[in-house]
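Both backbone and side-chain heavy atoms feed into the values below; hydrogens, waters and symmetry mates do not. Note that the coordinates shown come from a computational prediction; the quantities given were computed from them, not determined experimentally. In what follows, every chain begins at residue 1, and chains take the letters A, B, ... in the order their sequences are listed.
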Protein chains: 2
Amino acid sequence: MSGPERRDSGDRGKSTAEKPRLDRQRILEAGAEFIEQFGPRHLTMRRLGTELGVEAMSLYRYIPSRENLLDGIVEVVIDELYKDPEVYPEPRHGWQDYLLRLAHGLRRLALAHPQVFPLIATRPTEAPWVRPPLRSLRWVESFLKALTSAGFSDQAAVDAYRAFSSFLLGHLLLEVAALGADVGPVDDVEPRPPRSTDLDDYPLLQRLQERLSEDRSEQEFEESLESLLDRLETLQA
Amino acid sequence: MSGPERRDSGDRGKSTAEKPRLDRQRILEAGAEFIEQFGPRHLTMRRLGTELGVEAMSLYRYIPSRENLLDGIVEVVIDELYKDPEVYPEPRHGWQDYLLRLAHGLRRLALAHPQVFPLIATRPTEAPWVRPPLRSLRWVESFLKALTSAGFSDQAAVDAYRAFSSFLLGHLLLEVAALGADVGPVDDVEPRPPRSTDLDDYPLLQRLQERLSEDRSEQEFEESLESLLDRLETLQA
DNA sequence: ATGCTTAGCTTACGTTGTAAGCCAATCCGA
DNA sequence: TCGGATTGGCTTACAACGTAAGCTAAGCAT
């Protein structure tokens, strides 16, 4: 601990100008990965630092605060929606097809990132009228364009956006929570011991416990989605 | 700061054996109130202590940890549902009436406690198959009983419970978030400056911004609820 | 050589949750 | 009446957190 050498500097030889080891994107990606592994509660600046082979304070050159870090992580993850080839940013086969693809894309996203999704769902958005989980301006614009140009009135398009948002939020949040994700973003929590609850006073729960534990997310999602689309149809011009 | 007097002890005279100043219930209620005022993020053991005129560590005689404190607060708040005279724990005028009352009761609860509701929505439940926001065993039992005795099959009742849960969760979470509640329980956040977003690239958002900012929660809630009940009707025997 | 910029490190501070132990007041059986 | 046990809140202490401030080595342009 006394020698003058600053770091063993990894690569041998001269020092092939290996550019900044850190940049915002790398940090955000590492953060997303970390959260996916350990849950948002365990993401601390120091731990993320060591994950990246760096001291905590080094992160602050690229990221102004932990809050901003979480925002960035959320952004990085939802941006994946653009890379999903099944989801078109513009409708191609009618608005129903567009909404179906969008919904399924978001569901894939949620299932691929169960620990990050609660953050997507619960972090403040960049404007009060932007609602999770479709929380990027680009997608909201895209959504509204799809509907209005399909004959929805302005009001109907807005209503549809809200109905769509709350449907997805409710369904996906519960679905990832059932996967055991830490759903409490600010204050999230450990998996929680199953606590062999005393069901003696609850005969129906006892009888239905097995059914209640079954996973029918897929069907439920499809059915609710279809029913929502049916309902939205009545809003059309 | 040297005198031997331990506390100015409030009340004059002897000290009318004013029993424990603290008890679990009192702490939980103070916690709920505190959160409603300042948001969950700002609830710390020390602050809650001073709020109660007591040192932080004193709380630990009644509450094992902060996590447990939050759980307790959630419990206290949802228990208010029992005090709502509009909501009957047993159906009285058919299952539709029961579900309507339940839904409206939960909505009133959410609107009365916008800062606590995100906790209700996102904190782990006591069994994996118990879903927020209807997260007490008693209510789940009551719900299932109402439906099965109205002719729903076991499976249909369970499906209904889930559909009902995700509907309420999505709607109410977005509604309280729009009220400016800290929706991030684990990591929640300051109100966030509206950030005068550049909408130059988003013509529709620009045109619809006013409509998007309008509050139509009431109607949306009613419409979605009705549509859900219509859908559930098809599940009946 | 000189000085500026870059990128990560060191140190330090105030705040957090909570473990451990202290101590006054009360209660209880003798 | 007493003297231990119990109760209920306090004090102290610690490790971990987010982050402000400043440092320093390396690379750059002059």
Side-chain angles (χ1 to χ4, degrees), chain A residues 1-11 13-27 30-31 34 38-72 184 186-190, chain B residues 1-11 13-27 30-31 34 38-72 184 186-190:
Chain A
M1 244 26 131
S2 57
E5 89 291 68
R6 282 192 67 54
R7 193 187 309 130
D8 57 285
S9 110
D11 57 348
K14 297 288 163 53
S15 91
T16 49
E18 59 169 285
K19 277 323 184 98
R21 321 207 285 114
L22 246 40
D23 63 65
R24 187 172 162 94
Q25 191 64 21
R26 234 171 80 66
I27 294 177
F34 188 101
F38 306 107
R41 266 246 332 245
H42 296 100
L43 176 61
T44 73
M45 300 306 276
R46 296 183 220 252
R47 280 207 267 268
L48 184 54
T50 44
E51 201 76 6
L52 287 161
V54 124
E55 292 302 313
M57 286 311 288
S58 306
L59 303 176
Y60 282 90
R61 193 160 297 268
Y62 304 92
I63 281 172
S65 69
R66 191 184 117 105
E67 290 301 314
N68 180 281
L69 169 65
L70 293 176
D71 287 344
V186 154
D187 282 84
D188 46 346
V189 179
E190 279 319 285
Chain B
M1 245 23 133
S2 56
E5 91 287 73
R6 283 193 67 57
R7 193 187 310 127
D8 58 285
S9 111
D11 58 348
K14 298 287 164 50
S15 88
T16 51
E18 57 169 289
K19 276 325 184 95
R21 319 208 292 110
L22 248 39
D23 62 62
R24 187 172 162 95
Q25 192 65 19
R26 237 171 77 67
I27 294 177
F34 188 100
F38 306 108
R41 266 245 333 247
H42 297 100
L43 176 62
T44 74
M45 301 305 277
R46 295 184 222 253
R47 281 206 267 267
L48 183 55
T50 44
E51 201 75 5
L52 287 161
V54 124
E55 293 301 314
M57 288 309 291
S58 306
L59 304 176
Y60 283 92
R61 195 157 299 264
Y62 305 90
I63 281 172
S65 68
R66 191 183 117 104
E67 290 302 313
N68 180 281
L69 168 64
L70 293 176
D71 287 343
V186 151
D187 283 86
D188 48 342
V189 179
E190 281 319 285

Checklist entry - Could you give the distance from CG (A/Leu52) to CZ (A/Phe34), rounded to the nearest 0.5 Å? => result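 Rounded to the nearest 0.5 Å, the CG-CZ separation comes to 10.0 Å.
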
Next on the checklist: Within this structure, what is the CG-CG distance for the pair A/Leu48 and A/Leu43, rounded to the nearest 0.5 Å?
Outcome noted: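 The distance works out to 5.5 Å.
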
Checklist entry - Looking at the side chain of A/Met57, which of D/dT19, C/dG8, D/dC10 is the nearest nucleotide? => result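 Nucleotide nearest to A/Met57's side chain: D/dT19.
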
Next on the checklist: Nearest to the A/Met45 side chain among D/dG18, C/dT16, C/dG8, which nucleotide is it?
Outcome noted: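 When the side chain of A/Met45 is considered, D/dG18 is the closest of D/dG18, C/dT16, C/dG8.
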
Next on the checklist: If you compare every side-chain N and O of A/Tyr62 against the phosphate oxygens of C/dG8 (OP1, OP2), does one of them come in below 4.0 Å?
Outcome noted: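 So the side-chain polar atoms of A/Tyr62 do come within 4.0 Å of the phosphate oxygens OP1 or OP2 of C/dG8, strictly under.
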
Item to check | C/dC9 phosphate, OP1 or OP2, under 4.0 Å from A/Ser58 side-chain N/O | outcome: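 Yes, such a contact exists.
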
Checklist entry - Going through the checks in order, is the side chain to side chain contact (heavy atoms under 4.5 Å, CB included) test met by B/Arg61 and B/Leu22? => result CA-CA 9 Å; B/Arg61 195 157 299 264; B/Leu22 248 39; over 6 Å; no

Give the rounded distance in Å between these two atoms: [atom1] of [X] and [atom2] of [N].
X: A/Leu48; N: D/dA16; atom1: CG; atom2: C1'; result: 16 Å
X: A/Ile27; N: D/dG18; atom1: CD1; atom2: C1'; result: 15 Å
X: A/Glu55; N: D/dC17; atom1: CD; atom2: P; result: 13 Å
X: B/Ile63; N: C/dG17; atom1: CD1; atom2: P; result: 13 Å
X: B/Leu59; N: D/dC10; atom1: CG; atom2: C1'; result: 12 Å
X: A/Arg47; N: D/dA15; atom1: CZ; atom2: C1'; result: 12 Å
X: A/Tyr60; N: D/dC17; atom1: OH; atom2: C1'; result: 9 Å
X: B/Arg21; N: C/dA24; atom1: CZ; atom2: C1'; result: 14 Å

Checklist entry - Can you find a donor-acceptor N/O pair under 3.5 angstrom joining the side chain of A/Arg61 to the base of C/dG8? => result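 By the distance-only test, yes, there is a pair.
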
Checklist entry - Is there a donor N/O on one and an acceptor N/O on the other, under 3.5 Å, for the side chain of B/Arg46 and the base of C/dG17? => result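 Result: at least one qualifying N/O pair found.
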
Checklist entry - Quick one: does A/Arg21's side chain have a donor or acceptor within less than 3.5 Å of a partner on A/Val54's backbone? => result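 Not a single qualifying donor-acceptor pair exists.
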
Checklist entry - Which of these passes side chain to side chain contact (heavy atoms under 4.5 Å, CB included) with B/Leu59: B/Arg46, B/Arg24, B/Met45, B/Arg66? => result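 Result for side chain to side chain contact (heavy atoms under 4.5 Å, CB included) with B/Leu59: B/Met45.
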
